[in-house]
Protein chains: 2
Amino acid sequence: MTDTKTAILDSAERLFAARGVDGVSVRAILAEAGVNVALAHYYFGSRDGLIRGVLRRRIEPLNAERLRLLDEVEAAAGPDGPPVEPVLRAFFAPAIDLLGEHPDFARLIGQLHVASAPALRQLFLELFDVVLRRFSDAIKRSLPAGLSGPQIVSRAHFMLGTLILTLTNYSDLALMARGRFEVPRGEMLVRELVTFCSAGLVAPPEGRAPASP
Amino acid sequence: MTDTKTAILDSAERLFAARGVDGVSVRAILAEAGVNVALAHYYFGSRDGLIRGVLRRRIEPLNAERLRLLDEVEAAAGPDGPPVEPVLRAFFAPAIDLLGEHPDFARLIGQLHVASAPALRQLFLELFDVVLRRFSDAIKRSLPAGLSGPQIVSRAHFMLGTLILTLTNYSDLALMARGRFEVPRGEMLVRELVTFCSAGLVAPPEGRAPASP
DNA sequence: GTCTATAAAAGGATAGAC
DNA sequence: GTCTATCCTTTTATAGAC
């Protein structure tokens with residue numbers, strides 16, 4: 001049964017998200033999956049192999065979809081390249097889809113971005129290197145002239161931060177809403193991200209003019 | 001010697017930042033500090049107590065400074081309350097100061113924001129509850145009319161995300177710069193954060209108008 | 001306050017039967 | 001593929017001498 005393998009991955013995903021990658025033992029994962037202790041090593045070789053398996057299962061399709069959308073956006077653009085909004089949308093939308101379908105895993109992706117453990121940092125680079133490079137190039141091209149290098153990298157980094165905290169702490173939105181309204185999700189959440197970040201990215205370097213003298 | 005206590009806190013701060021709170025044993029911390037294994041329990045009672053000690057030492061002054069600045073900004077404002085920029089500045093500046101003086105600890109704060117372990121989540125609420133509530137109220141008041149509740153909480157959350165990722169992954173900026181320029185820090189970094197986030201917060205709900213028909 | 005020594009538990013990993 | 005049993009290491013925590 002390859003079903004056992006899936007059961008292990010599912011339990012690992014849930015528990016890693018709930019307690020952090022370093023906060024869960026392999027034994028606990030297998031217990032939750034109702035699977036014998038020896039089978040994690042049988043299927044994944046080691047604890048690290050299990051972690052890689054959990055991450056790869058969903059990150060590879062995520063990256064593929066992001067790159068597919070970016071290719072589309074760039075193909076449809078003129079010689080100056082696409083404007084910033086559709087580029088951001090190609091970056092955000094697949095991640096927000098994942099947040100809707102596999103919220104536990106979305107938390108994991110965010111945690112991987114801020115992880116300290118050297119092995120996880122390395123894995124992060126392996127998994128996201130191409131995507132981050134292609135999108136950061138596309139975003140740079142789409143920004144107005146007059147921004148300095150430091151401003152561009154800062155803003156690109158801030159943009160990433162909005163997504164990462166949304167992936168890790170999406171449930172905080174419901175707390176902040178305190179039942180007074182529905183929290184945005186799916187397409188609406190993508191739209192909020194694009195609006196916020198494109199405004200931030202293209203803002204004039206000096207910021208808003210003061211209210212009035 | 002209360003110096004021993006400080007040595008333990010310093011080593012814990014450094015190692016927690018380098019490997020994650022769950023990735024370091026108390027023994028490793030004490031070894032790095034050159035301190036006997038038994039002394040962590042003598043001073044802090046337990047592993048959890050040590051974590052609390054590390055966090056409290058710097059978060060309490062950080063919060064106090066943030067609230068002091070917010071009080072100032074609100075006292076100087078008219079009856080409609082202060083505009084969004086100085087409120088953001090009061091929130092960001094003390095954190096960026098901390099990033100300059102104790103970069104390891106800044107990483108820790110960020111990790112605490114996205115932490116999964118229930119004990120850490122609880123501690124996070126204890127430590128930041130008042131500050132987050134006061135600032136989110138001030139920011140809400142400063143936003144233009146016409147934003148819906150979901151839009152307001154989303155944007156406030158995005159704003160927090162820009163800061164958190166800056167605290168946890170500040171060193172990524174240097175990687176992105178690849179030696180071509182100096183990465184912003186201190187006052188300049190605060191200015192970038194304020195510019196990006198105030199533009200995002202006050203953006204019209206529909207986003208930028210498309211380029212031209 | 002600082003040390004040694006040790007208890008008690010948990011975790012990763014594997015051997016070998018079925 | 002799945003199971004039991006076991007090994008080895010690491011870790012938290014504490015007792016008690018100095």
Side-chain angles (χ1 to χ4, degrees), chain A residues 1-57 104 108 111-112 115-123, chain B residues 1-57 104 108 111-112 115-123:
Chain A
M1 294 281 198
T2 182
D3 223 13
T4 299
K5 199 171 171 180
T6 303
I8 295 174
L9 289 174
D10 289 346
S11 289
E13 182 171 295
R14 180 164 44 253
L15 288 180
F16 284 157
R19 303 188 217 158
V21 172
D22 289 330
V24 188
S25 66
V26 176
R27 299 174 103 93
I29 291 165
L30 296 169
E32 218 236 9
V35 162
N36 186 276
V37 258
L39 293 181
H41 294 91
Y42 177 74
Y43 283 112
F44 300 100
S46 69
R47 187 178 197 279
D48 260 33
L50 173 56
I51 295 171
R52 282 170 180 272
V54 170
L55 294 173
R56 262 215 264 270
R57 174 169 66 151
D104 285 335
L108 266 185
Q111 291 183 353
L112 186 64
S116 296
L120 288 182
R121 285 297 294 171
Q122 178 58 35
L123 187 52
Chain B
M1 293 280 200
T2 181
D3 223 13
T4 299
K5 198 171 172 177
T6 303
I8 295 173
L9 289 174
D10 288 346
S11 288
E13 183 171 295
R14 180 164 44 252
L15 288 180
F16 283 157
R19 302 188 217 158
V21 172
D22 290 330
V24 188
S25 67
V26 176
R27 300 177 98 93
I29 291 165
L30 296 168
E32 218 235 10
V35 162
N36 186 275
V37 259
L39 293 181
H41 293 91
Y42 177 74
Y43 283 112
F44 300 100
S46 69
R47 188 177 196 282
D48 260 33
L50 173 56
I51 294 170
R52 283 171 180 272
V54 170
L55 294 173
R56 262 215 264 272
R57 173 168 68 151
D104 285 336
L108 266 186
Q111 291 183 353
L112 186 63
S116 297
L120 288 182
R121 284 298 294 171
Q122 178 57 35
L123 186 52

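First the proteins, then the strands, lettered A, B, ... as listed; each starts at 1.
- At the phosphate of C:dT14, neither OP1 nor OP2 sits under 4.0 Å from any side-chain N or O atom of A:Tyr42.
- In this structure, CG in B:Leu39 is found 12.5 Å from NZ in B:Lys5, a value given to the nearest 0.5 Å.
- DNA chain D lies under 4.0 Å from at least one heavy atom of each of the following residues of residues 28-41 of chain A: A:Asn36, A:Ala38, A:Leu39.
- Scanning both residues, A:Val24 and A:Gly20, for their nearest heavy atoms gives CG2-O, 3.4 Å.
- To the nearest 0.5 Å, the span separating OG1 on B:Thr4 from OH on B:Tyr43 amounts to 4.5 Å.
- With rounding to whole Å, B:Asp22 atom CG is found 13 Å from C:dG11 atom P.
- Here the CG-CZ distance, from A:Leu9 to A:Phe44, works out to 4.0 Å after rounding to the nearest 0.5 Å.
- For B:Arg57, the side-chain hydrogen bond (donor to acceptor under 3.5 Å, both in side chains) partners are B:Asp10, B:Glu13, not counting sequence neighbours.
- Here the OG atom belonging to A:Ser116 is positioned 7.5 Å from the CG atom belonging to B:Leu108, to the nearest 0.5 angstrom.
- The heavy-atom pair separating A:Leu50 from A:Ala12 by the smallest distance is CD1-CB, 4.3 Å.
- For residues 14-25 of chain B, every residue pair satisfying the side-chain hydrogen bond (donor to acceptor under 3.5 Å, both in side chains) rule, not counting sequence neighbours, is listed here: B:Arg14-B:Glu32.
- Minimum interatomic distance between B:Ala18 and A:Pro118 (heavy atoms only, all atoms of both residues): O-CD, 4.5 Å.
- The CD1-P distance, from A:Ile8 to D:dC3, rounds to 10 Å in whole Å.
- Rounded to the nearest 0.5 angstrom, A:Asn36 CG and A:Tyr42 OH are separated by 12.5 Å.
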Quick test: give all pairs of protein nitrogen or oxygen and nucleotides 7-10 of chain D nitrogen or oxygen below 3.5 Å, distance rounded to 0.1 Å.
none

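- When all heavy atoms of A:Ala40 and A:Leu30 are compared, the closest pair comes out as CB-CD1, 3.6 Å.
- In this structure, the helix from C:dG1-D:dC18 to C:dC18-D:dG1 shows an angle of 0° between the axis at its start and the axis at its end, each fitted on 5 base pairs and rounded to 10°.
- Heavy-atom distances under 4.0 Å link DNA chain D to B:Ser46, B:Arg47 of residues 46-55 of chain B, given in residue order.
- Note on A:Thr4: every side-chain N or O is 4.0 Å or more away from OP1 and OP2 of D:dG1.
- Separating the CD1 atom in A:Ile29 from the CD1 atom in A:Ile51 is a distance of 8.0 Å, to the nearest 0.5 Å.
- Taking each heavy atom of A:Arg47 and A:Phe16 in turn, the nearest pair found is NH2-CE2, 4.3 Å.
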